[in-house]
Structures are given as structure tokens and as C-alpha cells.
Amino acid sequence: MIDGRLIRSFRRKRNLSLQELAQRAELSVSYLSEIERGKKQPSLETIEKLASALNVSKEGFFPEADTITPGPTALGEKIALLRQKKGLSQSKLAEKAGISAAYLCHIEKGKVLPAVSTLRTIARALEVCPEDLISATSHVGYKIKKIRRERDLTQADLAAKAGVSTGLIGQIESGRVEPSIKTLEKIASALSLSPCYFVADDDEISSLFKPMNPALKELFLDPKVRSVLELVADCTAEEFSFILKFIQLYKEHRKS
């Protein structure tokens, strides 16, 4: 996320008042004040205006912590800034990364957290190190956060299911704490997953699908399909039976 204090620091170093910077960036004084106090996050268009008005790089507004443990919005903003720096459109970067432009748009807006393998692909397409997007130390926490958000669970929800504190979940997801094996087992159990999922490299997971025929392998490697399977794995027998019946009814309705 953008650190408003950095914008204030740049402004003061240039001996500019709030009014003067607001006028240069074509913003209202009240809006600029809220950005500097951290009460509002500016859009990418606003960031560009402020960077131009202050004659600094857009990346300068991001604190160092964002390069270590980015949240969904900060990660998307960072990708968008790197893409713009390379002079790439969303469709061009998506093509180079082998993903859809719509999916990349969702990533940049912070609506989805991509898989680590997808982040590596995007990093290669941007010609940057994958660690520039997400560090290895937050690998486990990133995966936990991704699954939790896909399950529409809050940190408190997951903490309650796993029998740990909400603060611990927050520290793990931000990369400040590496979970013990016991804690990882609790979290994995709460999400109906194997603990290996969080520590295994995506390439190792992909290797499990090598014996399958190409069409089936492609299906299982689709991030959306894997997300659905993970959700189904968390269902009770009754819930699973209901889902199957619903699918059958839907297919019959389509045929009629």
C-alpha cells in the first residue's frame, strides 16, 4: 500500500504546502491531506499525478515493507507499476505471461491473489526477479492467505477453526512469523488440506500430474479448477451430495 507519510516527506523536502502540491497534481487539498494521513489510498492515476508533481519515481511511494510482504492490493499495484514502467499494456503482459487479460486486471485491482507459480510467470514476463513481487519468507503465509480469501474466511474465522490466535494468523500471512509444524497442521486441517500443500513448491505439486493424459492434466492445473476442488474437499457428505444433485439438475435444465 502507498505510505502517505512518504508523500508528505517528499512534499516537505521540496518546500511545498498542501495547497501547492494539490494544485500541481490537480487534486483537492482535502483529498491530498487524507492520502498523507493514510485515510485514503490513491488510484494509480492519482499516484502518477503526484509522482509527476513531485518529480519522483512512482515506486518511491511504496515503503520497503511492501516489497517483502505485500497485501493483495499492494501486490497488484506493484505489478501495475512495473508493467507501466516497461511500457506494457495489460493485454500485452497477459499474453507474455500466458494468462488472460481479465485475470491480470483482477490481480492488479487486488481482487484475487494469484498462485506463486503465476507470480513467477508474471515476474519473468516483466523481466524482474520473482522475489521482487513476493519474498520466499512469506511463501507459506501467502498460500495460507490465498486459500483463506478464496474460502471467504476472515483471519478470525480461520484462527477459530484452527484453534490459534487471530494475531498469529496475521503474523504468518504477513511473513513476520514462520509457523511451527504443529501450527501448520492445525491450519491445514482447518482448511481441509495437507500441510505439504503449503511447504511444497508449485513445481513439485505440478509433478504429481505428470502421469495423467494431457487433457486431464491441463484441467487439474487450471487455478480455477484447483480452487473448486479445494472447496469441495471441505464439504461434508451431505453438502457434496447436494452439489452433485444441483449440477445434475442444472445439466438437465440446460438440455430441456
Side-chain angles (χ1 to χ4, degrees), residues 1-3 7 25-27 31 35 40-63 66-136 138-139 142-143 145-152 201-203 205-206 209 214-231:
M1 296 175 69
I2 295 294
D3 190 339
I7 295 175
E26 299 178 345
L27 303 172
Y31 181 46
I35 292 173
K40 285 196 175 176
Q41 280 294 307
S43 65
L44 286 173
E45 182 182 359
T46 300
I47 293 171
E48 288 176 348
K49 287 182 178 180
L50 287 168
S52 176
L54 290 167
N55 193 27
V56 297
S57 166
K58 291 175 285 187
E59 289 84 350
F61 294 150
F62 289 88
D66 274 353
T67 64
I68 299 174
T69 57
T73 303
L75 174 63
E77 288 175 345
K78 190 167 185 63
I79 290 172
L81 287 173
L82 288 169
R83 173 176 60 76
Q84 292 171 1
K85 192 174 181 180
K86 297 284 184 179
L88 297 171
S89 64
Q90 279 189 341
S91 58
K92 188 63 178 177
L93 176 57
E95 181 183 348
K96 291 183 69 176
I99 59 177
S100 72
Y103 186 46
L104 177 60
C105 180
H106 284 316
I107 292 172
E108 290 191 355
K109 288 182 177 179
K111 292 182 178 179
V112 295
L113 280 172
V116 175
S117 57
T118 302
L119 279 178
R120 288 180 182 145
T121 303
I122 293 172
R124 284 195 295 270
L126 288 169
E127 299 177 351
V128 299
C129 295
E131 288 73 20
D132 287 346
L133 301 182
I134 179 171
S135 71
S138 62
H139 182 93
Y142 180 86
K143 282 192 170 185
K145 181 191 292 183
K146 180 178 184 297
I147 297 299
R148 175 180 62 76
R149 293 182 77 229
E150 287 175 352
R151 305 284 175 86
D152 198 25
D201 188 86
D202 279 23
D203 292 334
I205 296 172
S206 297
F209 301 111
L216 189 59
K217 180 172 67 174
E218 184 178 354
L219 183 66
F220 274 108
L221 290 177
D222 187 315
K224 294 179 182 177
V225 172
R226 283 164 63 175
S227 294
V228 170
L229 290 175
E230 287 160 4
L231 287 170

Handout entry: Heavy-atom pair with the smallest gap, counting every atom of Lys86 and Leu126
Key = CE-O, 2.8 Å

Problem - Which atom of Glu77 lies closest to which atom of Pro42, heavy atoms considered - result: OE2-O, 4.2 Å

Exercise for the section: Answer yes or no: does atom NZ of Lys49 have more than 12 heavy-atom neighbours from other residues, nucleotides or ligands under 6.0 Å? Expected result: yes

Practice task
Please lay out, stage by stage, how Ile99 and Thr121 fare under the test side chain to side chain contact (heavy atoms under 4.5 Å, CB included).
Solution key: CA-CA 9 Å; Ile99 59 177; Thr121 303; 5.6 Å; no

Handout entry: Between CD1 on residue Ile122 and NZ on residue Lys78, distance to nearest 0.5 Å
Key = 13.5 Å

Problem - Gap separating the CZ atom of Arg149 from the NZ atom of Lys145, nearest 0.5 angstrom - result: 7.5 Å

Exercise for the section: Could you please spell out the steps behind the side chain to side chain contact (heavy atoms under 4.5 Å, CB included) verdict for Ile107 and Leu119? Expected result: CA-CA 10 Å; Ile107 292 172; Leu119 279 178; 5.7 Å; no

Exercise for the section: Please tell me if the side chains of Gln84 and Leu81 come closer than 4.5 Å, counting only heavy atoms from C-beta onward. Expected result: yes

Problem - Residues which pass side chain to side chain donor-acceptor pair (under 3.5 Å) with Ser89, listed by chain and number, not counting sequence neighbours - result: Ser91

Problem - All salt bridge (charged side-chain N to carboxylate O under 4.0 Å, His left out) counterparts of Lys40, not counting sequence neighbours - result: Glu34

Exercise for the section: Test Leu82 against Leu88 for side chain to side chain contact (heavy atoms under 4.5 Å, CB included), laying out the working first. Expected result: CA-CA 9 Å; Leu82 288 169; Leu88 297 171; over 6 Å; no

